[in-house]
Amino acid sequence: MKTKFDEVNKPNDEMKKENTARIAKLNLLISKMNLSRQSAAEIIGVQERTIYRWLSGERNIPDFVLHTLHYANLLHENGIKIEPPEDIA
């Protein structure tokens, strides 16, 4: 027997579609710039395993990630070299 708890905690189809679209967008942005997942992680400022978690659907992809890579891709398309930030002490 289903309870209200089951319905509230069950991801709906719309959420699944949105997450699938975000994963596809992240993959597309990484591949358009010919980045390794490590390089993408450095540009975003996260660990490489975080990229894997996003791409596997284990974690939701924050908006800032897609925005950052979108703008990095615009720079890349205009011939501006993208370098990961240096460590700030």
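To the nearest 0.5 Å, atom NZ of residue K81 and atom CG of residue L75 are 12.5 Å apart. Between atom CG of residue L29 and atom NE2 of residue H70 there is a gap of 8.0 Å, rounded to the nearest 0.5 Å. Interatomic distance, CD of Q47 versus CD of E42, reported as 11.5 Å (0.5 Å rounding). In this structure, the separation between CD1 on I23 and CG on L28 is 13.5 Å, given to the nearest 0.5 Å. Annotation: the span from N60 atom CG to N19 atom CG amounts to 5.0 Å, rounded to 0.5 Å.
Annotation for I51 and A41: closest pair CG1-CB, 3.8 Å, computed over non-hydrogen atoms. Nearest heavy-atom pair across L69 and I44 is CD1-CD1, 3.7 Å. In this structure, P62 and R22 approach most closely via the heavy-atom pair C-NH2, 3.4 Å.
In terms of hydrophobic clustering, with Ile, Leu, Val, Met, Phe, Trp and Tyr side chains grouped at heavy-atom distances under 4.5 Å, L74 and F64 are assigned to different clusters.
Side chains of L55 and R37 form a contact here, defined as non-hydrogen atoms less than 4.5 Å apart.
Without hydrogens or angle criteria, T50 side chain to V46 main chain gives no donor-acceptor distance under 3.5 Å. Judged by distance alone, with hydrogens and angles left aside, the side-chain atoms of S36 form a donor-acceptor pair with the main-chain N or O of S39 at under 3.5 Å.
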